[in-house]
Each structure stands twice: as C-alpha cells, then as structure tokens.
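This report concerns only the one structure given below.
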Amino acid sequence: MTATLKFPIMGYIKIRLIVKNGYKWLAELIGADLEIEVSEEDFVVD
C-alpha cells in the first residue's frame, strides 16, 4: 500500500507501507531505498 507524507523526508514524499506496529508503520521511501518508521498522523493513504 502506498501513501504520501504530509512533510517531505530527505526530499521524498511517497512511501510504501510495509508493517504496522501499534500506531506506527515501517515504510520504504520510494526512490531512496531507505526504510523509516512513521506514525499514522504523518501520512495520507493514496
């Protein structure tokens, strides 16, 4: 599932949600090959 960050991280706004852990998600920054942890209030599902 893909989503859009409300605020860019390293210039990227598109993420791919991988695993939900409580109210946070492990996500991949699309185009950067990096994984980050984001809370549900930091993004909008596409």
Side-chain angles (χ1 to χ4, degrees):
M1 177 170 28
T2 61
T4 303
L5 291 169
K6 292 181 180 178
F7 302 100
I9 296 176
M10 296 174 47
Y12 296 94
I13 59 168
K14 289 294 194 180
I15 58 173
R16 180 173 295 114
L17 302 172
I18 301 171
V19 177
K20 185 177 182 180
N21 184 13
Y23 67 95
K24 292 194 173 192
W25 282 84
L26 178 64
E28 174 191 356
L29 281 174
I30 296 175
D33 292 331
L34 293 174
E35 291 183 353
I36 59 171
E37 188 175 76
V38 292
S39 67
E40 291 182 338
E41 58 207 29
D42 293 336
F43 63 86
V44 177
V45 176
D46 293 339

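FYI, the numbering just counts along the sequence from 1.
One N or O on the side chain of K6 and one on the backbone of E41 form a donor-acceptor pair closer than 3.5 Å.
The salt bridge (charged side-chain N to carboxylate O under 4.0 Å, His left out) analysis of residues 21-35, with sequence neighbours excluded, yields the pairs R16-E28, K24-E37.
Around the CG atom of D46, the shell of radius 6.0 Å holds more than 12 heavy atoms that belong to other residues, nucleotides or ligands.
Within the hydrophobic cluster formed by Ile, Leu, Val, Met, Phe, Trp and Tyr side chains joined at under 4.5 Å, directly or through other members, L34 is accompanied by M1, L5, I9, M10, Y12, I15, L17, W25, L29, I36, V38, F43, V45.
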